[in-house]
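By convention in this document, chain letters (A, B, ...) are assigned in the order of the sequence lines, proteins followed by strands, and residues within each chain are numbered from 1. Since this is a predicted model, take the numbers as computed values, not measurements.
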Amino acid sequence: MTEAIERDVMEFDVVIVGAGPAGLACAIRCKQQNPELMVCVLEKGSEVGAQVLSGAVIEPSGLDLLFPDWRDDPPAICVPAVKDEFSLLTAKWKLRLFTPPQMNNHGNYIVSLGGLCAWLASRAEDLGVEIYPGFAAAEVLLDESGERVIGIRTGDMGVDAAGLPKDGYTPGIDIHARVTVLAEGCRGSLSKQLISRFKLDEGCEPQTYGIGIKELWQLPEGRVTPGLIQHSVGWPLDSRTYGGSFLYHLDQDRVAVGFVTGLDYSNPYLEPYEVFQQFKNHPKIKPLFEGGEIISSGARAIVEGGLQSLPKLELPGALLIGDSAGMVNVPKIKGTHMAMHAGIMAADRLATSQESTGWDAAWRSSPWADELKQVRNIRPGFRRGLWLGLVNAGIETITFGRLPWTLGHHADHSSLKLAAESDRPEWPKRDLPPRDRLAGVYFAATEHDENQPVHLQVSDTDICITRCREEYGNPCTRFCPANVYEMVEEQGAHRLQINSGNCVHCKTCDIKDPYQIINWVTPEGGSGPNYQGL
Amino acid sequence: MKVLVCVKRVVDYNVRIRVKPDGGGVVTDGVKMAMNPFDEIAVEEALRMREAGHVSEVVAVTIGDKKSQEQLRTALAMGADRAIWVEHEEAIQPLGVARVLKALAEREQPGLVLLGKQAIDDDCGQTAQMLAALWQRPQATYASEVVISGETVRVTREVDAGLEVIDVDLPAVISTDLRLNEPRYVKLPDIMKAKRKPMDSYTLPDLGVELPPLVERLETTPPPARTGGFKVESVEELVATLKEKGLV
């Protein structure tokens, strides 16, 4: 049905996929440097910020560069960092540890990254950037040779579950641009295709990820300490699994709480969502939340591979910035500043010439590449467990990353042990809301028109009911934070049921599925979570 | 014939509504807002009338703060020809809206005023009726089908007993129900074009309208929290439990 369709074509100088911090910083800087430039930003969420989720404590240097006066009119949630705490949790106790220097947040701000993006978008529109929320960039357009990106195609609207047009079917349009900037965030669906097609990751270590689950809470009066930043490692994870919690105290009696679990975990029975809930119900943490209510919640994968996993950042006609590429400083637990600076640096080049050539080399000789180089061995050091990881992190920190080696990663989808060799974790009973994942996903306000093609494409569901069931016990039913995947038993036979309407677009399934048969593609534009203040 | 379509900026239907801790209304700061879904149906119907040749101009109107212009832009992107923004910061009640619309109807002389049967924020469902009374024109509410023929319009109304079909003379006021149509998807190039479509703005003094609040809201409270359920083992236990709770 795609062949005979006549599509509108729009022409821009620069098209940016994704209205996150990288894409918006790039768009803003393009217009600041060259107001003549025609810049368009596409965003799959129903509005800017609706599908942005981060901790988030940010370094404001990128914001300072774009808008030196931003503090006069700050984004909706913006609390100056006051104090850092780093702890080790055991099942019953919380032990304060020395705060690693990377985690010192003096001069930083706790924000809602979604709120910051909405704020950036309104500034960008004032500068003349065309921002289109509710439109997913569904396909990359290549020239006749297939060697050069010439733009993107937005997703068709009004297609039914069988792939046939409904009443009101509206074909997507082609947006041609001299350069396409991929700023989709972690595991972007177009970036994934292009990285593979153009072999941008040749010679790189495999990318590795984490899954972050977050809730924003409204607490009874007087409990929060605005500006307090608390992190923990240890329980509920065992010492072989990487991860930790964050608890950021905001203003107006609100806290942001979340837990990141490294997706290189090995136990197929692990449920990252349950790990997060257990953390909240820890005897030293739970009193903070009792009597409060959840405002919003969601989940998102995070790139953790660092410099050694960073693909080549350019291909003919397109470039990668931010988490689409993997620009996160894991020990700092920060990527927003890197994303914004990458957007700004790319824009400084695009303002004069809309060519992608040279971007990779330019970024790799920037201070941001140095920042990632210095910490490159810290995350992989945790592969041998929490204790050796902490010792290695200490050594790497003292030596500023100057040791002459670079540690590698394994792909997350290949790190699972067989179910037969693994134990089911046993958790204490807990009583803070939400009761389970379905109750939790309600706070993500996620919405997908039921009558549309399933956007989680499983290429071979036979594997699910045979090999995966036997070998790994269907880990998709546990790693998904939104209960999208269920194995249903009907008359003695098993069947995979995909509740795609629950999907919060975190991309964990695309990453962790051990057979790599799940492909996350964009649903109809505007579908997905509608986060508030995440 | 000209159609005036009224749209309202409301909290998006996907958003989980939260009541302010002090009971003074619902939280709207940082909350996703959208066009009232019934008004979207009204816009769609007006556009279909224009496409069918019954209507020459579709004018979208809203009353609200500067941000409510976003919903007018949505109406323009769907296809409305021009927009009217009546600037007003505070919350507004149905009679006030009806007075503003009456003033605009007198200026614009539309053949038809289309609006949603109710707004999903206050659920009043009164504006269309009040406007018809003030403007002294016929009304057809809860429309699930609208057919224009010459100087009259045949409207199928959704009523408790089923469907009621009435003919009304134009100009008239019609309020739209859910099953009237399914609004179109906005096309990306049309969003761009909408930015260049004309938008007139008025203040209440411009229109000679005053809006004293007539209804005082005492308190807003969230619905009581649901208490957890439990499973029963047998029909006997179910009946016993229901009896115990005085439910059967």
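The closest side-chain heavy-atom distance from A/Ile173 to B/Lys187 is not below 4.5 Å. Side chains of A/Leu42 and B/Leu188 form a contact here, defined as non-hydrogen atoms less than 4.5 Å apart. In this structure, A/Glu47 and B/Met33 have side chains that are not in contact, with every pair of non-hydrogen atoms separated by 4.5 Å or more. No side-chain heavy atom of A/Gln532 sits less than 4.5 Å from a side-chain heavy atom of B/Lys32.
Per-residue heavy-atom pair counts under 4.5 Å with chain B were compared for A/Gly158, A/Ala445, A/Gly172, A/Gly115, and the maximum is reached by A/Gly158.
Annotation for A/Glu447 and B/Asn14: closest pair CG-OD1, 3.0 Å, computed over non-hydrogen atoms. The nearest pair of heavy atoms linking B/Tyr185 to A/Asp449 is OH-OD2, 4.4 Å.
Atom CZ of A/Phe443 is separated from atom CZ of B/Arg16 by 4.5 Å, given to the nearest 0.5 angstrom.
Contacts between A/Glu293 and chain B at a heavy-atom distance below 4.5 Å involve the side chain alone, from C-beta outward. There is no contact between A/Ile77 and chain B, counting heavy-atom distances below 4.5 Å. With a 4.5 angstrom heavy-atom cutoff, A/Met10 touches chain B only via side-chain atoms. With a 4.5 Å cut-off on non-hydrogen atoms, A/Thr154 touches chain B through its side chain but not through its backbone.
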Test log, rule side-chain contact (heavy atoms from CB on, under 4.5 Å), inputs B/Arg184 and A/Thr170: CA-CA 8 Å; B/Arg184 64 196 61 197; A/Thr170 306; 5.8 Å; no
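Other residues, nucleotides and ligands place no more than 12 heavy atoms under 6.0 Å from the CD atom of A/Glu221. In the displayed structure, B/Asp22 atom CG is contacted under 6.0 Å by more than 12 heavy atoms of other residues, nucleotides or ligands.
Taking 4.0 Å as the cut-off between side-chain N and carboxylate O, B/Glu182 and A/Lys166 do not count as a salt-bridged pair.
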